[in-house]
*Asks:* 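Shown below is the structure under consideration.
Basis for what follows: all heavy atoms, side chains included, without hydrogens, waters or symmetry-related copies. Just so it is clear, the structure is predicted and the values come from calculations on it, not from any experiment. Residue numbering restarts at 1 for every chain, and letters A, B, ... go by the order of the sequence lines.
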Amino acid sequence: MTQSTGSSAIHWFRKGLRLHDNPALLSALAQPGELRPLFILDPHFVAHAHVGVNRWRFLQQSLQDLDDQLRARGSRLFVARGQPETILPELFKQWRVQWLTFEVDTEPYALKRDAQIEALAQEAGVVVDSRISHTLYSVHRVIQANHGKAPLTYVSFQKVVAKLGDPPTAVACPPTFPTQSQLSSPADLSDVRYNVPELEELGVKAAELRTCRFPGGETEGRRRLQEYLSDKRAGWVRAFEKPQTPPNSLEPSTTVLSPYLKFGCVSSREMYWRLQDILKKGKHSQPPVSLVGQLLWREFYYVVAADTPHFDRMKGNPLCKQIPWDDNPEYLKAWSEARTGYPWIDAVMIQLRDEGWIHHLARHAVACFLTRGDLYLSWEDGQRVFEELLLDADWALNAGNWMWLSASAFFHQYFRVYSPVAFGKKTDPTGEYIRKYVPKLKKYPKEYIYEPWKAPLSVQKAAGCIIGTDYPKPIVNHDTIHKVNIGRHKAAYSQGKDSNQASGTTKPAKRPETGSKGQTSMTKFMKKK
DNA sequence: CTGACTGTTGCAGCG
DNA sequence: TCGCTGCAACAGTCA
């Protein structure tokens with residue numbers, strides 16, 4: 001049994017799976033007595049979060065890396081199993097805990113959980129110290145600085161954070177944990193009950209896993225940060241413009257730091273300041289398209305999500321356009337299982353399932369296809385699939401981007417529709433990306449690789465892949481359906497305006513007579529009261 | 001209140 | 001190959 005001599009501290013890892021730039025961990029280190037770094041395998045994430053095998057593996061690797069790094073410092077990671085509100089009070093007693101530290105998490109589940117834990121800690125006489133380090137700023141400071149409500153456009157968000165000045169600089173982690181080596185009992189360090197879980201314990205079968213392209217963990221994350229933000233790439237960093245990076249290159253055209261930022265293996269603040277070091281030495285691109293701009297997008301969605309009820313749903317979400325999406329399980333299944341019959345869409349969905357990461361613009365293409373572009377299914381359906389399959393699935397960003405792409409919030413130019421044929425062609429005219437991820441189509445000539453159903457039967461036979469037999473026919477006709485869907489969206493938008501008008505919240509109609517036709521003047525007329 | 005302007009990343013057709 | 005226009009036309013911001 002563990003014989004704790006004096007008082008002790010727990011640093012509770014949740015996100016923020018890193019040692020560097022971890023102010024809450026530093027705070028725990030500064031307390032007298034022992035420090036036990038803790039992670040809790042919360043059954044909530046098994047039961048309610050849609051976590052696919054690739055993300056479980058990423059988490060497992062991240063925990064293993066933390067344990068390795070902590071052991072090198074004379075400590076270890078303690079992984080407990082169960083509900084935090086049960087586990088922590090037990091550990092408070094068992095380890096004579098006086099201090100509990102953790103990183104602030106602004107997601108709804110985390111807020112509720114942490115409020116409960118703070119109350120339990122108070123009962124147990126444990127002092128809680130929580131620190132902000134997942135985001136560049138405190139989301140509440142941003143909201144305060146914008147008159148108490150979240151900015152709803154990127155431009156206004158930028159203005160608000162400009163007022164706040166620079167985010168805090170990153171803090172280093174000491175190479176050894178001095179109190180730990182002196183005070184921790186050997187039994188603790190070798191207590192197998194708190195070992196890092198194996199994949200089987202997380203319900204992951206080795207057979208379900210493909211090659212690991214992006215291993216989890218702080219060590220790998222910082223290696224990646226170093227690689228992409230090295231001197232040798234300074235020119236690339238300064239010239240970076242997100243929309244100019246191809247979504248269908250065979251190797252990622254962007255940094256793929258998103259999974260590491262999601263889990264906090266890499267600190268957004270450290271990344272921010274390392275970018276500043278590079279940018280100050282020369283002319284460079286600007287937000288929103290620059291790399292700093294990408295960090296600000298992340299921050300933007302965190303802020304809006306923290307200020308919006310039911311941010312991950314359509315109903316009850318005041319930001320979200322209310323749209324009568326179709327309910328079609330067959331379409332949804334075809335999309336998520338890469339059977340739409342559009343090679344570019346299917347290739348993206350295969351890469352997503354196999355590797356856990358796809359380029360941002362590839363996400364645009366498949367998200368538009370699922371929602372306003374082609375299938376007219378709810379963005380919440382797509383959100384659920386992405387939540388399962390993406391290594392970087394992040395609650396605020398996932399919901400925010402799905403609303404963006406489905407023209408439900410933030411973005412409203414629903415008449416700009418991605419073509420499942422033309423979009424990929426721009427950056428990969430010969431279809432190498434499709435050949436890699438949909439090998440059945442590998443032998444198609446480039447003239448037909450994006451539209452194999454248009455190939456003459458002789459060509460299909462020569463390629464060894466008959467459309468309708470070996471590879472599906474397109475489930476919808478994009479050329480016709482996308483126009484129908486634009487019309488449906490237009491109707492849904494004006495419906496929304498009318499109901500807002502009825503409840504007396506919105507401004508009256510703009511746009512007088514001039515050249516507006518049919519529906520527009522009708523809408524105006526009705527609204528004019 | 002109005003109108004001009006802007007908005008990370010549309011497409012097809014044209015010169 | 002690139003950059004422009006027309007397509008039809010949205011919300012939010014600002015002067």
Side-chain angles (χ1 to χ4, degrees), chain A residues 146-147 149-160 239-248 253-254 285-301 304 318-321 323 344 348 358-369 371-374 397 400-401 403-427 429 450 478-480 482-497 500-501 505-524 527-528:
Chain A
N146 191 53
H147 327 294
K149 54 191 194 315
L152 296 178
T153 64
Y154 190 86
V155 171
S156 58
F157 171 78
Q158 268 186 294
K159 285 177 187 161
V160 178
F240 186 92
E241 294 190 2
K242 186 65 160 276
Q244 305 309 318
T245 57
N248 45 9
S253 61
T254 51
S285 57
Q286 295 291 332
V289 295
S290 64
L291 278 167
V292 169
Q294 306 311 301
L295 286 175
L296 294 179
W297 277 110
R298 173 178 183 271
E299 197 82 2
F300 170 73
Y301 285 124
V304 183
L319 293 184
C320 186
K321 284 268 188 284
I323 289 164
W344 150 246
V348 171
I358 50 178
H359 187 277
H360 187 62
L361 291 178
R363 301 179 195 202
H364 277 222
V366 297
C368 182
F369 187 88
T371 59
R372 65 187 169 86
D374 295 83
L397 277 63
N401 278 309
M403 282 189 270
W404 182 292
L405 257 301
S406 61
S408 297
F410 311 117
F411 171 87
H412 305 278
Q413 289 152 292
Y414 54 78
F415 38 87
R416 292 187 184 172
V417 178
Y418 290 89
S419 160
V421 172
F423 187 69
K425 265 189 200 171
K426 285 190 292 189
T427 45
Y450 282 88
H478 172 78
D479 292 335
T480 52
H482 89 273
K483 290 180 186 153
V484 173
N485 291 342
I486 288 173
R488 293 181 71 177
H489 238 58
K490 183 187 170 77
Y493 266 50
S494 71
Q495 187 77 36
K497 270 190 255 176
N500 281 345
Q501 184 66 11
T505 48
T506 337
K507 53 189 177 224
K510 44 188 174 181
R511 191 195 308 279
E513 267 34 54
T514 60
S516 54
K517 47 186 160 186
Q519 196 155 4
T520 311
S521 5
M522 179 62 96
T523 326
K524 179 209 71 178
K527 273 182 311 192
K528 207 74 192 196

*Asks:* Looking at A:Thr245 and A:Lys242, what are the two nearest heavy atoms and their distance?
*Replies:* OG1-O, 2.6 Å
*Asks:* Which whole number of Å gives the distance between the P atom of B:dT8 and that of C:dC7?
*Replies:* 25 Å
*Asks:* For DNA chain C, report each stem as range with range, ordered by first number, or say none. Use Watson-Crick or G-U wobble pairs under 3.5 Å, at least 3 in a row.
*Replies:*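 Stem segments, range with range: B:2-7 with C:10-15, B:10-15 with C:2-7.
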*Asks:* So what does A:Lys159 touch, heavy atoms closer than 4.0 Å: a base, only the sugar-phosphate, or nothing?
*Replies:* sugar-phosphate
*Asks:* Suppose you measure atom C1' in B:dT6 against the same atom in C:dA9; what distance do you get, rounded to whole Å?
*Replies:* 14 Å
*Asks:* With under 30° as parallel and over 60° as perpendicular, where do the rings of A:His482 and A:His478 fit, or are they tilted in between?
*Replies:*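 Ring orientation, 0 to 90° scale: parallel.
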*Asks:* Consider side chain to side chain contact (heavy atoms under 4.5 Å, CB included). Of A:Phe369, A:Phe423, A:Tyr418, which one does A:Trp344 pass it with?
*Replies:*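 Output: one option passes, namely A:Phe423.
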*Asks:* What is the separation between atom CD1 on A:Ile486 and atom C1' on B:dA12, rounded to the nearest whole Å?
*Replies:*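 Whole-Å distance recorded here is 13 Å.
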*Asks:* In whole Å, what is the span from the OH atom of A:Tyr493 to the C1' atom of C:dA8?
*Replies:*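 Atom-to-atom, A:Tyr493 to C:dA8, this comes out as 14 Å.
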*Asks:* Could you state the OH-P distance from A:Tyr450 to B:dA12, rounded to the nearest angstrom?
*Replies:* 13 Å
*Asks:* Among residues at least two apart in sequence or on other chains, which ones pass side-chain contact (heavy atoms from CB on, under 4.5 Å) with A:Asn401?
*Replies:*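 Testing A:Asn401 for side-chain contact (heavy atoms from CB on, under 4.5 Å), a comparison that skips the adjacent residues, returns A:Tyr301, A:His360, A:Leu397.
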*Asks:* For nucleotides 7-11 of chain B, give me every protein contact, N/O to N/O, under 3.5 Å, one pair per line with atom names.
*Replies:*
| residue | atom | partner | partner atom | Å |
| --- | --- | --- | --- | --- |
| B:dT9 | O2 | A:Pro243 | N | 3.2 |
| B:dT9 | O4 | A:His360 | NE2 | 3.3 |
| B:dC11 | OP1 | A:Ser419 | N | 2.8 |
| B:dC11 | OP2 | A:Lys426 | NZ | 3.0 |

*Asks:* Taking the six-membered ring for Trp, are A:Trp404 and A:Phe411 parallel (under 30°), tilted (30 to 60°) or perpendicular (over 60°)?
*Replies:* parallel
*Asks:* I want to check something: taking the side chain as every heavy atom from C-beta on, are A:Val417 and A:Cys368 in contact at a cut-off of under 4.5 Å?
*Replies:*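 A:Val417 vs A:Cys368: side chains touch.
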*Asks:* Whether the side chain of A:Arg372 engages the backbone of A:Ile486 through a donor-acceptor N/O pair (distance < 3.5 Å, no angle test) should be reported.
*Replies:* no
*Asks:* Any donor and acceptor pair, going by atom type alone, linking the side chain of A:Asn248 with main-chain N or O of A:Gly424 inside 3.5 Å?
*Replies:* yes
*Asks:* Does C:dA9 have OP1 or OP2 sitting under 4.0 Å from an N or O in the side chain of A:Lys490?
*Replies:* yes
*Asks:* Quick one: A:His482 NE2 to C:dA8 C1', roughly how many Å, whole number?
*Replies:*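 The answer, rounded to whole Å, is 11 Å.
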*Asks:* P atom, B:dG7 versus C:dA8: distance in rounded Å?
*Replies:* 24 Å
*Asks:* May I have the distance from A:Gln495 (atom CD) to C:dC10 (atom C1'), rounded to whole angstrom?
*Replies:* 17 Å
*Asks:* Strictly distance-based, threshold 3.5 Å: is any side-chain N or O of A:Ser285 a donor or acceptor partner for the main-chain N or O of A:Phe240?
*Replies:*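 Present.
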